[in-house]
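What follows is a set of notes on a single structure, which appears directly below.
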Amino acid sequence: MTMIKAQKGTKDILPVDMPVWHLMEKNAEEIFSRYGAKEIRTPIFEATELFARGVGDTTDIVNKEMYTFEKSERSLTLRPENTAGVVRSFIENGMHRLPMPVKLWYKGPMFRYERPQAGRQRQFHQVGVEVFGIKQPTADAEVILMAVNYLKSLGLNDLSVELNSLGCPECRDEFKLHLKAVLRPYLKDLCPDCQTRYEKNPLRLLDCKVPECQEIFSKPEIQEVIMSDFICEECAEHFNELKKYLDELKINYSINKLLVRGLDYYNRTVFEIKSNNLGSQNAVCGGGRYDSLVRNLGGEDIPAIGFAMGMERLAYLIGEKDDKKTTAFVVSNSPAEALKLAEELRKDGISCEFDLSNKKFVKQIEKASKTAKYALILGEDELAADKVTVKNLENSEQKTVFRQNVKSEII
RNA sequence: GCGCCUGUCGUCAAGCGGUUAAGACCUCGGAUUGUGGUUCCGAUAUGCAUGGGUUCGAAUCCCAUCAGGCGCCCCA
(Lines give C-alpha, C1' and ligand atoms only; values in the text may rest on other atoms or scores of the structure.)
Protein backbone atom coordinates (compact mmCIF):
# COMPACT_ATOMS: atom_id res chain seq x y z
CA MET A 1 0.00 0.00 0.00
CA THR A 2 1.40 3.30 -0.97
CA MET A 3 0.75 6.15 1.36
CA ILE A 4 -1.60 8.86 0.22
CA LYS A 5 -0.08 12.15 1.19
CA ALA A 6 -1.26 15.72 1.34
CA GLN A 7 -0.86 17.26 -2.09
CA LYS A 8 2.05 19.47 -3.02
CA GLY A 9 1.54 22.91 -1.62
CA THR A 10 -1.21 21.91 0.80
CA LYS A 11 -0.92 21.53 4.55
CA ASP A 12 -2.97 20.18 7.40
CA ILE A 13 -3.77 22.70 10.08
CA LEU A 14 -3.32 20.50 13.11
CA PRO A 15 -4.72 20.71 16.65
CA VAL A 16 -1.44 22.27 17.84
CA ASP A 17 -1.93 25.07 15.33
CA MET A 18 -5.48 25.83 16.37
CA PRO A 19 -4.86 28.40 19.12
CA VAL A 20 -3.20 30.70 16.60
CA TRP A 21 -5.89 30.18 13.98
CA HIS A 22 -8.67 30.73 16.48
CA LEU A 23 -6.94 33.92 17.57
CA MET A 24 -6.71 35.20 14.00
CA GLU A 25 -10.35 34.40 13.35
CA LYS A 26 -11.67 35.78 16.62
CA ASN A 27 -9.74 39.02 16.26
CA ALA A 28 -10.90 39.47 12.68
CA GLU A 29 -14.50 39.30 13.81
CA GLU A 30 -13.83 41.58 16.73
CA ILE A 31 -11.66 44.25 15.13
CA PHE A 32 -13.39 44.49 11.77
CA SER A 33 -16.84 44.71 13.29
CA ARG A 34 -15.67 47.69 15.36
CA TYR A 35 -15.43 49.47 12.03
CA GLY A 36 -18.89 48.33 11.05
CA ALA A 37 -17.74 45.58 8.69
CA LYS A 38 -19.90 42.49 8.29
CA GLU A 39 -18.65 39.03 7.44
CA ILE A 40 -19.43 37.55 4.04
CA ARG A 41 -18.73 34.04 2.76
CA THR A 42 -18.67 33.49 -0.96
CA PRO A 43 -18.24 30.20 -2.85
CA ILE A 44 -14.84 28.64 -3.25
CA PHE A 45 -15.33 28.24 -7.00
CA GLU A 46 -16.71 30.74 -9.45
CA ALA A 47 -17.06 31.10 -13.20
CA THR A 48 -13.60 31.31 -14.73
CA GLU A 49 -14.65 34.44 -16.53
CA LEU A 50 -15.11 36.30 -13.25
CA PHE A 51 -11.39 36.11 -12.58
CA ALA A 52 -10.40 36.75 -16.17
CA ARG A 53 -12.44 39.94 -16.19
CA GLY A 54 -11.93 40.87 -12.56
CA VAL A 55 -8.33 40.11 -11.74
CA GLY A 56 -7.15 40.78 -15.27
CA ASP A 57 -6.19 38.39 -18.03
CA THR A 58 -2.66 39.69 -18.34
CA THR A 59 -1.79 38.79 -14.76
CA ASP A 60 0.16 35.68 -13.80
CA ILE A 61 -2.60 34.72 -11.43
CA VAL A 62 -5.03 34.35 -14.27
CA ASN A 63 -2.58 33.19 -16.92
CA LYS A 64 -0.82 30.38 -15.22
CA GLU A 65 -1.91 29.95 -11.63
CA MET A 66 -5.59 29.09 -11.75
CA TYR A 67 -7.13 25.76 -10.87
CA THR A 68 -9.66 25.54 -13.65
CA PHE A 69 -11.95 22.65 -14.49
CA GLU A 70 -14.88 21.98 -16.75
CA LYS A 71 -18.22 20.68 -15.58
CA SER A 72 -21.33 20.45 -17.76
CA GLU A 73 -19.73 22.69 -20.33
CA ARG A 74 -19.04 25.40 -17.80
CA SER A 75 -15.56 26.58 -17.05
CA LEU A 76 -15.11 26.88 -13.30
CA THR A 77 -12.15 28.04 -11.25
CA LEU A 78 -11.12 27.69 -7.64
CA ARG A 79 -10.83 31.24 -6.35
CA PRO A 80 -7.25 32.54 -6.44
CA GLU A 81 -8.28 35.58 -4.39
CA ASN A 82 -11.55 36.87 -3.04
CA THR A 83 -12.02 40.45 -4.21
CA ALA A 84 -13.60 39.38 -7.48
CA GLY A 85 -15.97 37.01 -5.66
CA VAL A 86 -17.02 39.61 -3.13
CA VAL A 87 -17.61 42.17 -5.88
CA ARG A 88 -19.67 39.63 -7.81
CA SER A 89 -21.79 39.02 -4.73
CA PHE A 90 -22.10 42.73 -4.06
CA ILE A 91 -23.51 43.27 -7.52
CA GLU A 92 -25.66 40.15 -7.64
CA ASN A 93 -27.30 40.88 -4.29
CA GLY A 94 -28.04 44.50 -5.08
CA MET A 95 -25.86 45.80 -2.28
CA HIS A 96 -25.46 49.10 -4.08
CA ARG A 97 -28.88 49.99 -2.65
CA LEU A 98 -27.62 49.59 0.88
CA PRO A 99 -26.59 52.73 2.78
CA MET A 100 -23.21 53.53 1.42
CA PRO A 101 -20.19 52.59 2.82
CA VAL A 102 -20.78 48.85 2.59
CA LYS A 103 -18.01 47.20 4.54
CA LEU A 104 -17.44 43.49 4.15
CA TRP A 105 -14.82 41.17 5.57
CA TYR A 106 -14.04 37.54 4.78
CA LYS A 107 -11.73 34.71 5.58
CA GLY A 108 -11.11 31.43 3.81
CA PRO A 109 -9.02 29.28 1.52
CA MET A 110 -7.63 30.48 -1.82
CA PHE A 111 -5.93 28.43 -4.52
CA ARG A 112 -3.03 29.24 -6.76
CA TYR A 113 -1.07 26.76 -8.85
CA GLU A 114 2.49 27.86 -8.18
CA ARG A 115 5.73 26.28 -7.03
CA PRO A 116 5.46 26.19 -3.25
CA GLN A 117 8.21 27.78 -1.20
CA ALA A 118 8.59 29.56 2.13
CA GLY A 119 5.38 31.48 2.83
CA ARG A 120 3.70 30.21 -0.31
CA GLN A 121 1.32 27.32 -0.74
CA ARG A 122 -1.13 26.18 -3.38
CA GLN A 123 -3.97 26.23 -0.91
CA PHE A 124 -3.61 29.09 1.53
CA HIS A 125 -5.91 31.28 3.55
CA GLN A 126 -6.64 34.96 3.47
CA VAL A 127 -8.53 37.38 5.68
CA GLY A 128 -9.55 40.53 3.96
CA VAL A 129 -11.77 43.57 3.95
CA GLU A 130 -13.55 45.39 1.13
CA VAL A 131 -15.17 48.81 1.56
CA PHE A 132 -17.56 49.97 -1.16
CA GLY A 133 -19.02 53.30 -2.08
CA ILE A 134 -16.58 55.94 -0.86
CA LYS A 135 -14.30 57.78 -3.23
CA GLN A 136 -12.81 60.08 -0.63
CA PRO A 137 -9.44 59.22 0.95
CA THR A 138 -11.11 58.82 4.34
CA ALA A 139 -11.99 55.32 3.21
CA ASP A 140 -8.37 54.66 2.27
CA ALA A 141 -7.28 55.79 5.71
CA GLU A 142 -9.90 53.71 7.46
CA VAL A 143 -9.02 50.58 5.54
CA ILE A 144 -5.33 50.95 6.32
CA LEU A 145 -6.24 51.53 9.93
CA MET A 146 -8.27 48.33 10.01
CA ALA A 147 -5.31 46.41 8.69
CA VAL A 148 -2.83 47.95 11.10
CA ASN A 149 -5.05 47.52 14.13
CA TYR A 150 -5.84 43.96 13.26
CA LEU A 151 -2.14 43.19 13.04
CA LYS A 152 -1.55 44.97 16.34
CA SER A 153 -4.25 42.89 17.98
CA LEU A 154 -2.25 39.83 17.01
CA GLY A 155 0.82 41.24 18.71
CA LEU A 156 2.49 42.15 15.43
CA ASN A 157 3.89 45.62 15.92
CA ASP A 158 7.17 45.87 14.06
CA LEU A 159 5.74 45.78 10.58
CA SER A 160 6.29 48.46 7.98
CA VAL A 161 3.54 50.00 5.93
CA GLU A 162 4.44 50.98 2.38
CA LEU A 163 2.31 53.27 0.32
CA ASN A 164 2.10 54.45 -3.25
CA SER A 165 -0.36 55.99 -5.65
CA LEU A 166 -0.78 54.53 -9.10
CA GLY A 167 -2.87 57.46 -10.27
CA CYS A 168 -5.96 57.04 -12.36
CA PRO A 169 -5.96 55.14 -15.68
CA GLU A 170 -5.32 58.36 -17.57
CA CYS A 171 -2.26 59.58 -15.73
CA ARG A 172 -0.91 56.08 -15.38
CA ASP A 173 -1.03 55.51 -19.13
CA GLU A 174 0.82 58.70 -19.65
CA PHE A 175 3.48 57.62 -17.21
CA LYS A 176 3.83 54.26 -18.95
CA LEU A 177 4.40 56.02 -22.24
CA HIS A 178 7.12 58.20 -20.71
CA LEU A 179 8.78 55.26 -19.11
CA LYS A 180 8.75 53.18 -22.24
CA ALA A 181 10.11 56.09 -24.21
CA VAL A 182 13.20 56.60 -22.04
CA LEU A 183 13.84 52.88 -21.82
CA ARG A 184 13.49 52.13 -25.49
CA PRO A 185 17.19 52.71 -26.32
CA TYR A 186 18.18 50.17 -23.66
CA LEU A 187 15.53 47.61 -24.38
CA LYS A 188 17.87 45.03 -25.89
CA ASP A 189 20.16 45.15 -22.83
CA LEU A 190 17.43 44.35 -20.35
CA CYS A 191 16.96 40.84 -19.02
CA PRO A 192 14.41 38.62 -20.81
CA ASP A 193 11.90 39.05 -17.97
CA CYS A 194 12.15 42.79 -18.26
CA GLN A 195 11.67 42.65 -21.99
CA THR A 196 8.34 40.94 -21.54
CA ARG A 197 7.45 43.30 -18.70
CA TYR A 198 8.18 46.17 -21.03
CA GLU A 199 5.27 45.07 -23.16
CA LYS A 200 2.99 43.54 -20.56
CA ASN A 201 3.34 45.64 -17.46
CA PRO A 202 5.91 48.42 -17.65
CA LEU A 203 5.30 49.47 -14.04
CA ARG A 204 6.70 46.17 -12.87
CA LEU A 205 10.02 46.81 -14.59
CA LEU A 206 11.21 48.93 -11.75
CA ASP A 207 11.70 46.31 -9.06
CA CYS A 208 13.65 43.86 -11.20
CA LYS A 209 16.48 42.33 -9.18
CA VAL A 210 18.92 41.70 -12.01
CA PRO A 211 21.98 43.96 -11.44
CA GLU A 212 22.36 44.86 -15.12
CA CYS A 213 18.79 46.10 -15.23
CA GLN A 214 19.20 48.07 -12.04
CA GLU A 215 22.25 49.69 -13.54
CA ILE A 216 20.26 50.83 -16.51
CA PHE A 217 17.45 52.10 -14.31
CA SER A 218 19.88 54.16 -12.29
CA LYS A 219 20.81 56.32 -15.26
CA PRO A 220 19.86 59.94 -14.57
CA GLU A 221 17.36 60.39 -17.37
CA ILE A 222 15.51 57.25 -16.31
CA GLN A 223 15.60 58.07 -12.62
CA GLU A 224 14.09 61.39 -13.46
CA VAL A 225 11.06 59.71 -14.97
CA ILE A 226 10.76 57.14 -12.21
CA MET A 227 10.89 59.67 -9.44
CA SER A 228 8.71 62.27 -11.11
CA ASP A 229 5.29 62.86 -9.65
CA PHE A 230 3.48 61.73 -12.71
CA ILE A 231 0.03 61.55 -11.23
CA CYS A 232 -2.54 64.17 -12.10
CA GLU A 233 -3.66 66.91 -9.80
CA GLU A 234 -6.77 65.17 -8.53
CA CYS A 235 -4.92 61.96 -7.84
CA ALA A 236 -2.17 63.87 -6.10
CA GLU A 237 -4.64 65.61 -3.89
CA HIS A 238 -6.31 62.36 -2.97
CA PHE A 239 -2.93 60.91 -2.05
CA ASN A 240 -1.91 63.96 -0.03
CA GLU A 241 -5.09 63.90 1.97
CA LEU A 242 -4.59 60.25 2.77
CA LYS A 243 -1.06 60.96 3.96
CA LYS A 244 -2.36 63.79 6.12
CA TYR A 245 -4.89 61.51 7.79
CA LEU A 246 -2.27 58.88 8.45
CA ASP A 247 0.10 61.48 9.87
CA GLU A 248 -2.57 62.73 12.22
CA LEU A 249 -3.27 59.20 13.37
CA LYS A 250 0.45 58.64 13.86
CA ILE A 251 0.54 55.65 11.55
CA ASN A 252 4.09 55.09 10.39
CA TYR A 253 4.43 54.51 6.70
CA SER A 254 6.91 55.02 3.94
CA ILE A 255 6.35 55.95 0.32
CA ASN A 256 7.58 53.35 -2.11
CA LYS A 257 7.42 54.55 -5.67
CA LEU A 258 8.26 51.10 -6.90
CA LEU A 259 5.26 49.53 -5.19
CA VAL A 260 3.01 48.44 -7.98
CA ARG A 261 0.84 45.37 -7.22
CA GLY A 262 0.24 42.68 -9.70
CA LEU A 263 -3.50 42.78 -10.07
CA ASP A 264 -4.90 44.87 -12.87
CA TYR A 265 -7.80 46.39 -11.04
CA TYR A 266 -5.94 48.78 -8.77
CA ASN A 267 -5.87 52.54 -9.17
CA ARG A 268 -4.70 55.39 -6.94
CA THR A 269 -3.84 54.10 -3.49
CA VAL A 270 -1.93 50.84 -3.17
CA PHE A 271 -0.25 49.58 0.00
CA GLU A 272 1.61 46.65 1.44
CA ILE A 273 2.55 45.69 4.96
CA LYS A 274 5.80 43.81 5.26
CA SER A 275 7.80 41.90 7.82
CA ASN A 276 11.53 41.33 7.95
CA ASN A 277 11.10 37.87 9.41
CA LEU A 278 9.45 36.06 6.55
CA GLY A 279 12.16 35.28 4.03
CA SER A 280 11.55 36.25 0.48
CA GLN A 281 7.75 36.31 0.61
CA ASN A 282 7.74 39.21 3.02
CA ALA A 283 4.35 40.81 2.47
CA VAL A 284 1.68 39.90 5.01
CA CYS A 285 -0.87 42.31 3.64
CA GLY A 286 -1.56 43.83 0.26
CA GLY A 287 -4.33 46.10 -0.82
CA GLY A 288 -5.50 49.12 -2.67
CA ARG A 289 -8.27 51.03 -4.33
CA TYR A 290 -10.21 49.58 -7.26
CA ASP A 291 -12.68 52.19 -8.39
CA SER A 292 -13.66 50.65 -11.70
CA LEU A 293 -13.94 46.97 -10.81
CA VAL A 294 -17.59 47.01 -9.80
CA ARG A 295 -18.54 48.63 -13.07
CA ASN A 296 -16.26 46.35 -15.07
CA LEU A 297 -18.01 43.35 -13.63
CA GLY A 298 -21.38 44.68 -14.64
CA GLY A 299 -22.41 46.71 -11.62
CA GLU A 300 -22.99 50.38 -10.93
CA ASP A 301 -20.16 52.87 -10.94
CA ILE A 302 -19.08 52.34 -7.35
CA PRO A 303 -15.60 53.01 -5.98
CA ALA A 304 -14.04 50.55 -3.55
CA ILE A 305 -10.90 49.78 -1.60
CA GLY A 306 -9.74 46.72 0.28
CA PHE A 307 -6.91 44.48 1.38
CA ALA A 308 -6.08 40.82 1.94
CA MET A 309 -3.69 39.16 4.35
CA GLY A 310 -2.06 35.76 4.12
CA MET A 311 -3.04 33.84 7.22
CA GLU A 312 -0.23 31.27 7.02
CA ARG A 313 2.24 34.13 6.97
CA LEU A 314 0.52 35.74 9.93
CA ALA A 315 0.50 32.43 11.80
CA TYR A 316 4.22 32.06 11.19
CA LEU A 317 4.87 35.50 12.67
CA ILE A 318 2.59 34.99 15.65
CA GLY A 319 4.47 31.80 16.28
CA GLU A 320 3.36 30.55 19.66
CA LYS A 321 2.19 27.00 19.69
CA ASP A 322 0.27 25.87 22.65
CA ASP A 323 -1.33 22.56 23.32
CA LYS A 324 -4.42 23.26 25.35
CA LYS A 325 -4.80 20.89 28.25
CA THR A 326 -8.06 19.43 29.32
CA THR A 327 -9.23 20.91 32.60
CA ALA A 328 -9.81 17.73 34.54
CA PHE A 329 -8.99 14.03 34.42
CA VAL A 330 -10.86 11.60 36.64
CA VAL A 331 -8.70 8.95 38.26
CA SER A 332 -10.69 5.99 39.49
CA ASN A 333 -10.80 2.24 39.50
CA SER A 334 -14.48 2.36 38.80
CA PRO A 335 -15.14 3.33 35.18
CA ALA A 336 -18.85 3.73 35.86
CA GLU A 337 -18.26 6.24 38.65
CA ALA A 338 -15.58 8.05 36.64
CA LEU A 339 -17.95 8.35 33.72
CA LYS A 340 -20.67 9.76 35.95
CA LEU A 341 -18.42 12.37 37.51
CA ALA A 342 -16.99 13.35 34.13
CA GLU A 343 -20.48 13.84 32.73
CA GLU A 344 -21.51 15.99 35.70
CA LEU A 345 -18.59 18.32 35.06
CA ARG A 346 -19.08 18.39 31.30
CA LYS A 347 -22.65 19.54 31.89
CA ASP A 348 -21.19 22.46 33.81
CA GLY A 349 -18.98 23.33 30.88
CA ILE A 350 -15.76 21.91 32.27
CA SER A 351 -13.66 19.83 29.87
CA CYS A 352 -13.06 16.48 31.45
CA GLU A 353 -11.69 13.07 30.52
CA PHE A 354 -11.08 9.81 32.33
CA ASP A 355 -9.23 6.57 31.73
CA LEU A 356 -10.94 4.55 29.02
CA SER A 357 -8.65 1.56 29.12
CA ASN A 358 -8.65 0.22 32.69
CA LYS A 359 -5.17 1.30 33.57
CA LYS A 360 -3.74 1.05 37.01
CA PHE A 361 -3.96 3.91 39.42
CA VAL A 362 -0.40 5.12 38.94
CA LYS A 363 -0.75 5.04 35.17
CA GLN A 364 -3.95 7.01 35.38
CA ILE A 365 -2.26 9.72 37.43
CA GLU A 366 0.58 9.76 34.95
CA LYS A 367 -1.83 10.19 32.07
CA ALA A 368 -3.64 12.93 33.96
CA SER A 369 -0.42 14.83 34.53
CA LYS A 370 0.31 14.81 30.81
CA THR A 371 -3.06 15.85 29.53
CA ALA A 372 -4.90 17.77 32.23
CA LYS A 373 -4.63 20.58 34.75
CA TYR A 374 -6.41 18.77 37.58
CA ALA A 375 -6.65 15.15 38.61
CA LEU A 376 -9.93 14.27 40.27
CA ILE A 377 -9.31 11.23 42.42
CA LEU A 378 -12.36 9.13 43.01
CA GLY A 379 -11.31 6.10 45.05
CA GLU A 380 -13.13 3.86 47.46
CA ASP A 381 -12.70 6.25 50.38
CA GLU A 382 -14.00 9.17 48.41
CA LEU A 383 -16.91 7.24 47.00
CA ALA A 384 -17.96 6.11 50.46
CA ALA A 385 -17.96 9.69 51.73
CA ASP A 386 -19.43 11.22 48.53
CA LYS A 387 -16.26 13.24 48.12
CA VAL A 388 -13.59 13.81 45.50
CA THR A 389 -9.90 14.56 45.93
CA VAL A 390 -8.96 17.45 43.68
CA LYS A 391 -5.29 17.59 42.86
CA ASN A 392 -3.77 20.56 41.10
CA LEU A 393 -1.18 18.97 38.85
CA GLU A 394 0.83 22.12 38.42
CA ASN A 395 1.63 22.74 42.07
CA SER A 396 0.76 19.32 43.54
CA GLU A 397 -1.67 20.77 46.05
CA GLN A 398 -4.64 18.59 46.77
CA LYS A 399 -7.80 18.80 48.74
CA THR A 400 -10.67 16.45 49.41
CA VAL A 401 -14.05 18.11 48.99
CA PHE A 402 -17.70 17.21 48.69
CA ARG A 403 -18.69 16.15 45.23
CA GLN A 404 -20.92 19.14 44.55
CA ASN A 405 -18.03 21.49 45.35
CA VAL A 406 -15.64 20.08 42.81
CA LYS A 407 -16.36 22.64 40.14
CA SER A 408 -15.82 25.63 42.42
CA GLU A 409 -12.53 24.04 43.46
CA ILE A 410 -11.14 23.97 39.95
CA ILE A 411 -11.97 27.44 38.74
C1' G B 1 8.63 27.12 -16.43
C1' C B 2 14.03 27.70 -14.70
C1' G B 3 18.17 27.19 -10.89
C1' C B 4 20.33 25.21 -6.15
C1' C B 5 19.94 21.78 -1.94
C1' U B 6 17.94 17.49 0.64
C1' G B 7 15.56 12.38 1.36
C1' U B 8 17.96 6.83 7.66
C1' C B 9 11.86 4.68 13.06
C1' G B 10 5.98 9.10 14.77
C1' U B 11 9.95 13.29 15.75
C1' C B 12 15.23 15.00 16.07
C1' A B 13 19.14 12.52 14.32
C1' A B 14 24.58 9.29 14.21
C1' G B 15 26.55 6.89 10.13
C1' C B 16 31.31 9.20 5.09
C1' G B 17 32.19 1.52 0.93
C1' G B 18 32.78 -4.15 5.26
C1' U B 19 28.82 -2.00 12.21
C1' U B 20 24.02 -6.97 14.97
C1' A B 21 21.89 0.57 11.33
C1' A B 22 24.19 4.49 17.47
C1' G B 23 21.62 7.79 20.61
C1' A B 24 17.60 11.06 22.29
C1' C B 25 12.42 12.30 22.60
C1' C B 26 7.44 10.62 21.94
C1' U B 27 4.37 6.16 22.23
C1' C B 28 3.37 1.40 24.44
C1' G B 29 4.19 -2.56 28.26
C1' G B 30 6.18 -3.81 33.16
C1' A B 31 8.22 -2.79 38.45
C1' U B 32 7.68 0.43 42.79
C1' U B 33 0.41 -2.67 46.25
C1' G B 34 -3.81 5.06 46.07
C1' U B 35 -0.43 10.02 43.84
C1' G B 36 2.28 11.99 38.29
C1' G B 37 5.51 15.49 35.78
C1' U B 38 11.86 14.36 38.37
C1' U B 39 13.01 6.33 39.62
C1' C B 40 14.19 1.54 37.25
C1' C B 41 13.48 -2.34 33.39
C1' G B 42 11.65 -3.62 28.62
C1' A B 43 9.34 -3.13 23.40
C1' U B 44 9.48 -0.65 18.77
C1' A B 45 13.68 0.33 11.15
C1' U B 46 15.25 -7.60 8.04
C1' G B 47 15.79 -1.83 6.62
C1' C B 48 18.08 3.59 5.14
C1' A B 49 12.23 7.55 -0.74
C1' U B 50 11.74 4.07 -5.28
C1' G B 51 14.09 1.53 -9.47
C1' G B 52 18.46 0.44 -11.84
C1' G B 53 23.84 0.20 -11.99
C1' U B 54 29.40 0.12 -10.06
C1' U B 55 31.73 -3.32 -6.42
C1' C B 56 33.71 -9.54 -3.47
C1' G B 57 30.66 -6.16 -0.47
C1' A B 58 26.50 -0.01 -0.63
C1' A B 59 22.35 3.73 3.82
C1' U B 60 27.20 5.20 2.26
C1' C B 61 29.66 5.96 -5.05
C1' C B 62 26.88 6.76 -10.11
C1' C B 63 22.23 7.36 -13.05
C1' A B 64 17.00 7.82 -13.39
C1' U B 65 12.35 8.58 -11.12
C1' C B 66 9.49 10.42 -7.14
C1' A B 67 8.96 13.50 -2.88
C1' G B 68 10.34 17.72 0.12
C1' G B 69 12.83 22.43 0.91
C1' C B 70 14.83 27.11 -0.85
C1' G B 71 15.44 30.86 -4.65
C1' C B 72 13.80 33.29 -9.55
C1' C B 73 9.13 34.78 -11.84
C1' C B 74 4.71 36.32 -9.38
C1' C B 75 2.02 37.01 -5.10
C1' A B 76 -0.86 36.99 0.66
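- N282(A) places its CG atom 13 Å from the C1' atom of rC74(B), with the value rounded to the nearest Å.
- Taking atom CZ on F111(A) and atom P on rC74(B), their separation rounds to 24 Å, with Å as the unit.
- The side chain of Q117(A) places no N or O atom within less than 4.0 Å of a non-bridging phosphate oxygen (OP1 or OP2) of rC70(B).
- With hydrogens and angles left out, the side chain of R115(A) and the base of rC72(B) share no donor-acceptor pair within 3.5 Å.
- Across all strands shown, rA59(B) has no partner, as no Watson-Crick or G-U wobble contact with both distances under 3.5 Å is found.
- Rounded to a whole Å, the NZ atom of K8(A) is 13 Å from the C1' atom of rG7(B).
- Atom OH in Y316(A) sits 9.0 Å away from atom OG in S275(A) (nearest 0.5 Å).
- Annotation: side chain to side chain contact (heavy atoms under 4.5 Å, CB included) contacts of E46(A) (sequence neighbours excluded): T42(A), P43(A), L50(A), F51(A), R88(A).
- Across the protein-nucleic acid pair, K5(A) atom NZ and rA67(B) atom P stand 8 Å apart, rounded to whole Å.
- The closest side-chain donor-acceptor pair between T83(A) and E130(A) falls under 3.5 angstrom.
- When the nucleotides rC74(B), rC70(B), rA67(B) are ranked by their closest atom to the side chain of E65(A), rC74(B) comes out on top.
- Donor-acceptor pairing under 3.5 Å is recorded for the side chains of D355(A) and S357(A).
- Figure legend. rC72(B) is base-paired to rG1(B); pairs are counted as Watson-Crick or G-U wobble with both atom distances under 3.5 Å.
- Using Watson-Crick or G-U wobble geometry with both donor-acceptor distances under 3.5 Å, rG42(B) finds its partner in rC28(B).
- When the C1' atom is compared between rU65(B) and rA43(B), the two are found 37 Å apart, to the nearest whole Å.
- Rounding to whole angstrom units, CD of residue E114(A) and C1' of rG1(B) are separated by 13 Å.
- Residue pairs meeting the ring-ring contact (aromatic ring centres under 6.0 Å, His included) criterion with at least one member in residues 346-401 of chain A, sequence neighbours excluded, do not occur.
- Nucleotide rC74(B) holds its P atom 18 Å from the CZ atom of R122(A), rounded to whole Å.
- When Watson-Crick and G-U wobble pairs are counted only if both distances are under 3.5 Å, rU6(B) pairs with rA67(B).
- Within 4.0 Å (heavy atoms only), G128(A) reaches no atom of the nucleic acid at all.
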(request) Between protein and nucleotides 32-45 of chain B, map the contacts as a letter string: B base, S sugar-phosphate only, - none, heavy atoms under 4.0 Å, written 5' to 3'. (result) B-BBBB--------
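- As a whole-Å value, the separation of N358(A) CG from rG29(B) P is 12 Å.
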(message) Under the criterion side chain to side chain contact (heavy atoms under 4.5 Å, CB included), I'd like the reasoning laid out for V388(A) against F402(A): C-alpha separation, chi angles, the key distance, then a yes or no.
(response) CA-CA 6 Å; V388(A) 175; F402(A) 281 108; over 6 Å; no
(request) Assess whether side-chain hydrogen bond (donor to acceptor under 3.5 Å, both in side chains) is satisfied between E382(A) and T389(A), documenting all intermediate values. (result) CA-CA 7 Å; E382(A) 285 90 350; T389(A) 298; 2.6 Å; yes
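- Under the Watson-Crick or G-U wobble criterion, with both distances below 3.5 Å, rG23(B) is paired with rC12(B).
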